[in-house]
There are 2 protein chains.
Amino acid sequence: MRNDYDPFRGEFDSLEEFADRVSDVLRCPVTIEDANHRLIAYSAHDDYTDPARTATIISRRVPEKVINSLWKQGAIPALLKSREPVRVPPIEDVGLGSRVAVSIWKNDEVIGFIWVLETNRTLTPEEMEWLKLAAKAAKNKVLQLYMRKNKKEERVQELFWKLLTGHIATEDEIRAHLAAMQMTAAPPFAVVVFRFAADLTNEMERQISYLLQTTQQLPLPLYTTDGRDVILLAAPKTEQPLRELQRFIESFAAKMKERFHIHEVQCGFGGVYGGYRLIEKSYREALAVLALKEKLGDEIKSVYGYAQLGIYQFFDFLLEQKRQGEWTNPALTKLQSYDQKHQSDLVKTFETFFDHNENVQETADVLNVHPNTLTYRLKRIADIAELDLHDMNQKIKLYIDIKLAKYEARG
Amino acid sequence: MRNDYDPFRGEFDSLEEFADRVSDVLRCPVTIEDANHRLIAYSAHDDYTDPARTATIISRRVPEKVINSLWKQGAIPALLKSREPVRVPPIEDVGLGSRVAVSIWKNDEVIGFIWVLETNRTLTPEEMEWLKLAAKAAKNKVLQLYMRKNKKEERVQELFWKLLTGHIATEDEIRAHLAAMQMTAAPPFAVVVFRFAADLTNEMERQISYLLQTTQQLPLPLYTTDGRDVILLAAPKTEQPLRELQRFIESFAAKMKERFHIHEVQCGFGGVYGGYRLIEKSYREALAVLALKEKLGDEIKSVYGYAQLGIYQFFDFLLEQKRQGEWTNPALTKLQSYDQKHQSDLVKTFETFFDHNENVQETADVLNVHPNTLTYRLKRIADIAELDLHDMNQKIKLYIDIKLAKYEARG
DNA sequence: GTTAAATTTGTGGAAATCCACAAAAACCGG
DNA sequence: CCGGTTTTTGTGGATTTCCACAAATTTAAC
């Protein structure tokens with residue numbers, strides 16, 4: 001093995017040409033990706049490619065499920081840690097044949113990957129060394145792309161902030177801006193905000209950016225950061241945008257935890273609206289969700305969307321009313337004083353019952369009492385508070401007042 | 001029979017003396033009542049009285065159930081129509097023996113009654129004529145009482161208005177005033193307002209006053225009128241004041257209808273509070289109930305108490321909020337547009353379901369559909385509105401927004 | 001006009017609710 | 001400590017809900 005031999009010395013006009021060269025040298029199909037698994041270049045004259053590679057080329061990005069399985073399998077973590085090539089055994093589930101990969105570095109940062117599909121042969125150790133040289137040779141070209149993207153990114157971010165703060169004149173103007181940047185963001189939109197425990201470090205920003213770039217659950221045309229917040233514009237594509245967003249957020253939080261060990265991510269998202277001008281509103285709503293979560297904690301732990309806030313949406317308003325006027329709920333007062341006098345838990349019982357959708361069984365389990373005990377207490381509540389338990393209206397009012405009292409105590 | 005003979009000629013020091021005289025002449029126990037069936041005087045040296053009379057004397061008023069049965073039986077209507085004596089056969093249920101009664105008139109108005117208990121004899125026609133003379137003879141004495149009462153009544157009303165409008169300094173001051181008027185009104189209080197279709201006539205005022213004076217369901221220490229409104233202070237005596245008030249109002253409305261053919265009485269009552277100073281608040285709340293009933297009509301037809309208004313209590317606030325801000329419920333919007341497009345009734349279905357306490361059977365009956373149809377629609381609603389039907393919070397929000405939209409449309 | 005989708009109605013079985021009634025157990029005031 | 005009240009737990013049976021599945025019907029779309 002000649003250590004000083006480098007088959008990739010010299011200049012290449014484009015990364016495509018380079019990919020072809022690598023492919024020729026290694027006699028295998030080659031794919032070059034950026035740090036976020038977007039396709040940068042691929043070798044053209046290959047006789048065989050596996051389904052994963054085909055899909056990658058078609059959509060110009062590695063399918064998310066492939067990325068996920070490469071994370072689980074350990075290849076990507078390894079590539080992010082070391083400059084050595086990594087061999088990945090076939091993964092049938094996602095149509096992945098056997099391949100070898102190497103990461104492309106700039107200083108201490110991974111800026112891309114080269115993938116070599118081992119179609120009907122296996123790379124020799126010598127060829128693995130060549131692959132490392134290929135990674136080095138690719139560095140400058142990949143970097144150029146990277147810079148170009150960053151510049152564009154800055155302009156886009158500026159636009160995003162204008163949208164978030166409502167400093168944009170007309171819908172038409174916005175469309176013109178987006179077109180100028182080759183953005184194909186189409187309504188409806190919702191603003192999603194992730195809030196971390198502390199201000200974001202560069203490291204974290206990169207990791208977050210990576211997750212956002214690689215997700216394909218829903219289009220995320222714009223994103224930016226603000227202190228502890230990551231703000232993104234999501235463009236749900238299904239008829240059930242809320243569920244879509246919910247799923248995205250949950251999987252995002254899970255990945256942050258699994259892959260980067262970042263826990264304690266709060267999240268909120270605003271309404272899903274059709275117009276660009278309502279992005280501001282959606283942003284405000286997302287922030288409102290986060291503010292409420294801060295206050296109410298567990299109460300709305302699994303709620304992310306403004307729409308799912310339900311009655312909490314107007315709690316700030318009600319609280320204001322309550323504080324200035326003499327807002328009392330005699331029924332609640334009676335229950336509270338009964339609880340005090342008899343050391344009982346009628347208020348909590350009622351609240352829990354409603355928290356669990358008026359389901360007797362479930363509530364009884366949560367409270368560790370017999371179902372009959374629960375119904376007995378409810379009858380008692382009806383007596384004491386002079387409440388008609390068949391009247392939704394009255395029940396709702398009591399429920400709201402209980403929650404409002406809690407809210408007041410904390411707020 | 002000597003037509004010019006009058007056994008009751010001459011002066012009497014007191015009505016007691018007069019009652020004894022009548023009793024002597026007719027050889028029967030005698031009771032004299034004012035127009036509201038309050039005891040004015042009774043003959044003392046009687047050997048036998050029936051339970052009804054005993055109760056009347058003990059409590060200084062005719063028991064309400066006795067009054068009720070006398071209305072049903074027809075005696076009182078007859079007495080109010082004619083100056084002739086009326087014989088009432090025994091009514092076992094209420095402990096009423098056979099008796100003869102006559103009304104005492106001043107101009108065209110009945111100001112009292114004389115009751116003669118036929119213990120072990122029956123009045124002769126001649127004695128019946130004497131009884132008519134007795135009624136005439138009693139007139140002046142009864143009238144004096146009447147006037148005295150009216151004067152007091154005026155002072156009391158003035159106090160009541162002060163309470164209703166909050167123009168009273170301290171609790172002590174109020175107690176002093178009440179003591180000075182020999183009023184034994186003790187908290188807790190609630191203000192009840194009956195609102196009639198048109199301004200009250202003198203005739204109606206008398207009838208209403210009659211009903212209020214004769215009711216014994218709960219103490220009504222004060223009352224006054226204001227245009228179409230009759231305002232009263234009620235002092236519930238049980239542990240369940242709301243139910244007590246509800247019953248009172250329903251029976252009052254029923255009696256207005258049965259006895260005086262006055263329909264279309266609206267009613268509202270405010271909170272039940274312990275302090276005199278909160279009478280004003282209770283009054284405001286009672287008026288708020290009436291205002292809401294005007295707007296919402298059937299929606300809250302059977303609601304009288306402010307406490308039973310439930311969520312409607314804060315609808316004015318919410319509406320204001322809705323009108324100034326961009327308050328939208330995308331879920332509701334989606335349902336509405338779906339309804340429009342497919343000529344369906346999803347919104348109404350949901351609303352009805354909640355109006356009927358989430359009871360499938362009942363709601364299906366009301367909507368005239370199969371229960372399974374209802375559940376199908378609910379699932380559909382959950383899909384379209386992206387609503388979690390197991391989340392009380394979200395359901396409540398939608399319900400409120402539906403009602404709020406209705407309220408807005410009318411208000 | 002045919003086909004596909006959405007809606008309504010039906011059936012059946014497991015689970016849950018509702019209700020009345022009653023036996024324990026805990027609590028309270030004298 | 002007793003006796004009465006309140007609270008908890010238990011039992012049983014009629015009714016209702018929940019769910020899945022399917023037939024019948026209506027509606028919408030091409």
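In what follows, every chain begins at residue 1, and chains take the letters A, B, ... in the order their sequences are listed.
- Other residues, nucleotides and ligands contribute only 12 or fewer heavy atoms inside 6.0 Å of the CD atom of A:Glu239.
- Here the closest heavy-atom approach between residue B:Glu244 and residue B:Leu218 is recorded as OE2-CB, 3.5 Å.
- Summarising the geometry, the separation between NE2 on A:His370 and P on C:dA26 is reported as 16 Å, rounded to the nearest angstrom.
- When ring centroids are compared, B:Tyr304 and B:Phe269 stay outside the 6.0 Å threshold.
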Would you list the protein and nucleotides 20-22 of chain C atom pairs, both N or O, that sit under 3.5 Å from each other?
none

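- Checking D:dT8, C:dT7, C:dT9 against the side-chain heavy atoms of A:Thr373 singles out D:dT8 as nearest.
- Rounded to whole Å, atom P of D:dA24 lies 18 Å from atom OH of B:Tyr376.
- Between B:Arg377 and C:dT7 there is no side-chain N or O to OP1 or OP2 distance below 4.0 Å.
- Taking the six-membered ring for Trp and the full ring otherwise, B:Phe189 and B:Tyr276 have centroids separated by under 6.0 Å.
- A straight line from CD of B:Glu362 to C1' of D:dT15 spans 14 Å, rounded to a whole angstrom.
- Rounded to an integer number of Å, the gap from A:Ile381 CD1 to D:dT8 P is 11 Å.
- In this structure, B:Leu389 atom CG and D:dT17 atom P are separated by 15 Å, rounded to whole Å.
- In this entry the distance linking CG of B:Asp383 with C1' of C:dT7 reads 14 Å, nearest Å.
- No side-chain heavy atom of B:Leu220 sits under 4.5 Å from any side-chain heavy atom of B:Leu233.
- Separation of the B:Phe353 and B:Phe350 ring centroids does not fall under the 6.0 Å cut-off.
- Atom CG in A:Asp365 sits roughly 15 Å away from atom C1' in C:dT17 (whole-Å rounding).
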Could you give me the CA-CA distance, side-chain angles and deciding distance for B:Ile400 and B:Phe315, then say whether side-chain contact (heavy atoms from CB on, under 4.5 Å) is met? CA-CA 9 Å; B:Ile400 288 179; B:Phe315 261 35; 4.1 Å; yes

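- Both tests hold for B:Lys295 against B:Tyr407: distance to the six-membered ring centre under 6.0 Å, angle to the ring axis within 45°.
- The CD1-C1' distance, from A:Ile384 to D:dT5, rounds to 14 Å in whole Å.
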For A:His390 and B:His356, run side-chain contact (heavy atoms from CB on, under 4.5 Å): C-alpha distance rounded to whole Å, both residues' side-chain angles, the deciding distance at 0.1 Å, then the answer.
-> CA-CA 8 Å; A:His390 299 290; B:His356 292 87; over 6 Å; no

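- Within residues 338-361 of chain B, the residues that have a heavy atom under 4.0 Å from DNA chain D are, in order of number, B:Asn359, B:Val360, B:Gln361.
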